[in-house]
Amino acid sequence: MPARAKEAVLSMNVMQAYIDEQPAVLSRLLTGWPAQASRLAQYLDGRPVRRVILFGAGSSYPASGLAAAFWARALGVEATPAVPTRMDSLQGAAPDGLLCLAVSQGGRSTSTYHEIQALQARGIPVIAVTQSPDTPIGRQADLAFGLPIGEETIGAKTKGVTATAVTLILLALTLGAARGTADPGWIAGVHSGLCALVQQMPENIARSKRWAQTVCPVLAPARHLYVLGAGAAYGGALEGALKLLETTYRPVSCYEFEEYLHGVQNALDAHAYLLCLMPRGADQVRMRRLTGFAAGQGAHTFRISFDPADGRGDCDLVLAGGASPALDGMAYLPALQTLSAQVSAYCGIDVTTPRYPDFFSQMESKL
């Protein structure tokens with residue numbers, strides 16, 4: 001594609017427009033949440049919660065992963081993200097005390113819908129977080145929370161994913177406060193961290209756009225991308241990898257950093273492209289060591305970090321903020337979303353049109 005044509009595509013990027021809306025969307029969520037807060041606590045009043053499972057397919061699964069640790073901390077129970085088809089192995093024999101959250105941005109996932117029905121048949125309450133309470137999943141659930149995100153018509157969801165994760169986190173904080181299982185100082189700290197993340201997001205999206213303009217020509221020929229994350233950043237890596245695959249139509253693999261070091265490194269060569277979400281502490285030093293080793297094998301490495309020391313050159317991105325390690329996945333995600341939008345546009349891929357329009361109907365994966 002000629003350079004001028006690529007610039008024109010980049011300037012008309014619908015996906016990027018949705019990404020750019022995220023600060024406003026999340027700000028509305030944080031501001032308007034107290035009005036909804038009492039619904040969850042009232043519905044669960046008197047019901048024990050001894051375990052939480054957050055389940056969803058596609059982007060809803062990593063969104064659940066971004067929020068699960070907050071449920072565990074807020075209620076002092078085990079909280080597990082899952083895909084609907086794995087629910088049978090996770091529920092255990094006794095339904096008493098099990099709370100399930102069905103997550104579906106579009107509200108039409110067949111597997112999620114059927115799992116809600118199966119859980120309800122066992123007397124297990126299901127809370128839905130979905131685009132609208134009027135979606136099939138919203139109507140089927142016992143209680144549904146909508147996502148005030150406005151229109152998002154393309155399949156590769158962005159603002160819907162971040163709004164889902166934030167809504168799930170706020171639900172956890174709300175219930176933890178109502179039940180007295182969460183320290184008020186911790187709740188205030190998480191809320192403050194979310195507010196800071198939203199305030200920093202416009203600057204970080206702007207930095208990500210400039211970075212993407214530089215790395216698009218480098219990434220465009222890639223046949224396989226690897227996204228690495230550790231700790232809280234892993235959820236962002238998982239969703240970012242899915243977004244890159246959805247929009248660039250090429251294999252993208254996501255690995256937890258330690259897992260990558262135990263065999264996957266054997267694929268390192270001049271055809272390997274590693275996008276590394278830099279972790280904190282000792283793992284940061286080790287991931288730097290990995291990027292140096294990988295570069296020595298001819299691999300292309302890209303660091304995304306909050307630490308200026310990781311900014312070796314134009315292929316690395318240094319973001320503002322990062323004050324709350326528990327929210328690292330959320331903080332990193334807009335950078336990978338922006339990269340997905342820009343690389344696909346650079347390659348001339350129209351993400352507003354499904355690659356296989358009849359896929360969901362043939363596979364019966366959407367209602």
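Quick note: residue numbers are just sequence positions, from 1.
Taking Y255 as the reference, nothing meets the ring pair (Phe, Tyr, Trp, His ring centres under 6.0 Å) condition, with sequence neighbours excluded. Scored by the side chain to side chain donor-acceptor pair (under 3.5 Å) test, S104 finds no partners at all (sequence neighbours excluded). Here E239 pairs with S59, K243 under the side chain to side chain donor-acceptor pair (under 3.5 Å) rule; sequence neighbours left out.
Distance alone, capped at 3.5 Å, places no donor-acceptor pair between the K159 side chain and the A17 backbone. In this structure, R86 contributes its side chain and F55 its backbone to no donor-acceptor pair below 3.5 Å. At distances below 3.5 Å, not a single donor-acceptor pair connects side-chain atoms of T31 with backbone N or O atoms of R28. Remark: the backbone N or O of G263 is paired with a side-chain donor or acceptor of N266 at under 3.5 angstrom. Q131 places no side-chain N or O within donor-acceptor distance of the main-chain N or O of G160, the cut-off being under 3.5 Å. Between the side chain of D310 and the backbone N or O of R303, no donor-acceptor pair lies under 3.5 Å. With T338 contributing its side chain and I205 its backbone, the two residues share no donor-acceptor pair below 3.5 Å.
Applying the 4.5 Å side-chain rule to ILVMFWY residues, one finds Y61, V83, Y234 in the same cluster as L238.
Side chains of V166 and M330 form a contact here, defined as non-hydrogen atoms less than 4.5 Å apart. Q140 places none of its side-chain heavy atoms less than 4.5 Å from the side chain of I137. Put simply, the side chain of T158 does not reach to within 4.5 Å of the side chain of P334, judged on heavy atoms. F257 has its side chain within reach of R286: a pair of non-hydrogen atoms, C-beta onward, lies under 4.5 Å apart. Two residues are said to be in side-chain contact when any heavy atoms from C-beta on lie closer than 4.5 Å; C347 and R250 meet this criterion. Side-chain contact between R288 and D307 is present, with heavy atoms from C-beta onward closer than 4.5 Å. With contacts defined as side-chain heavy-atom distances shorter than 4.5 Å, the pair R51/L98 qualifies. For the pair H114/P84, no side-chain contact is recorded, criterion being any heavy-atom separation below 4.5 Å from C-beta on.
Between Y273 and H300, the ring planes are parallel. Angles under 30° get that label, and only those over 60° would be called perpendicular.
By the neighbour-count criterion of 12 heavy atoms within 6.0 Å, atom CD of E203 is densely surrounded, having more than that number from other residues, nucleotides or ligands. More than 12 non-hydrogen atoms from other residues, nucleotides or ligands lie less than 6.0 angstrom from CG of D350. Counting non-hydrogen atoms of other residues, nucleotides and ligands closer than 6.0 Å to OH of Y43 gives a total above 12.
The minimum heavy-atom distance linking A67 with I169 is given by the pair CB-CG1, 3.9 Å. Annotation for N204 and A320: closest pair OD1-N, 2.7 Å, computed over non-hydrogen atoms. Contact record, A326 with A232: O-CB, 3.6 Å, taken as the closest heavy-atom pair. The two residues A72 and A79 have their closest heavy-atom pair at N-CB, 3.7 Å. When all heavy atoms are compared, the tightest approach of V318 to R207 is O-NH1, 3.0 Å. Of all the heavy atoms in Y332 and M278, the pair that sits closest is OH-O, 2.7 Å.
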Apply side-chain contact (heavy atoms from CB on, under 4.5 Å) to the pair K209 and D20, showing each step before the final yes or no.
CA-CA 10 Å; K209 287 179 184 177; D20 293 346; 3.0 Å; yes
Report the C-alpha distance between T164 and L147 in whole Å, list the side-chain angles of each, state the deciding distance to 0.1 Å, and finish with yes or no for side-chain contact (heavy atoms from CB on, under 4.5 Å).
CA-CA 7 Å; T164 296; L147 301 170; 3.3 Å; yes
Would F302 and L317 satisfy side-chain contact (heavy atoms from CB on, under 4.5 Å), going step by step from the backbone distance to the final call?
CA-CA 8 Å; F302 309 81; L317 171 63; over 6 Å; no
Is there a side-chain contact (heavy atoms from CB on, under 4.5 Å) between R289 and V285 once you walk through the steps?
CA-CA 6 Å; R289 195 181 309 154; V285 175; 3.9 Å; yes
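A donor and an acceptor atom, one from each side chain of Q22 and T162, are located under 3.5 Å apart. Side-chain atoms of E152 and Q105 form no donor-acceptor pair, as typed in the model, at a separation below 3.5 Å. For the residue pair Y18/T153, the side-chain donor-acceptor check at 3.5 Å is satisfied.
If you take OG1 on T247 and CG on L339, they are separated by 8.0 Å, rounding to the nearest 0.5 Å. Considering CD of E21 and OG of S27, their distance stands at 13.5 Å, rounded to 0.5 Å. The CG atom of L175 sits 5.0 Å away from atom CG of L75, with the distance rounded to the nearest 0.5 Å. Here CE of M87 is found 9.5 Å from OG1 of T80. Values are rounded to the nearest 0.5 Å. Distance OG1/T301 to CG/L274: 7.0 Å, rounded to 0.5 Å. Distance check: L173 CG to W71 CH2 gives 9.5 Å after rounding to the nearest 0.5 Å.
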Under 3.5 Å, sequence neighbours excluded: what are the donor-acceptor pairs made by side chains of residues 215-229?
{"unit_1": "R223", "atom_1": "NH2", "unit_2": "H271", "atom_2": "ND1", "d": "2.8"}
{"unit_1": "R223", "atom_1": "NH2", "unit_2": "H271", "atom_2": "NE2", "d": "3.4"}
{"unit_1": "H224", "atom_1": "NE2", "unit_2": "S253", "atom_2": "OG", "d": "2.8"}

Mind listing the side-chain donor-acceptor pairs of residues 182-199 below 3.5 Å, one per line with the distance, residues two or more places apart or on another chain?
{"unit_1": "D183", "atom_1": "OD2", "unit_2": "G185", "atom_2": "N", "d": "3.1"}
{"unit_1": "D183", "atom_1": "OD2", "unit_2": "W186", "atom_2": "N", "d": "3.0"}

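Hydrophobic clustering (ILVMFWY, side-chain heavy atoms < 4.5 Å, transitive): L242 and L168 are in distinct clusters.
Salt-bridge annotation for E246 and K157: absent, with no side-chain N of the basic residue lying under 4.0 Å from a carboxylate O of the acidic one. With respect to D96 and R50, a salt bridge is recorded, a charged nitrogen being found less than 4.0 Å from a carboxylate O.
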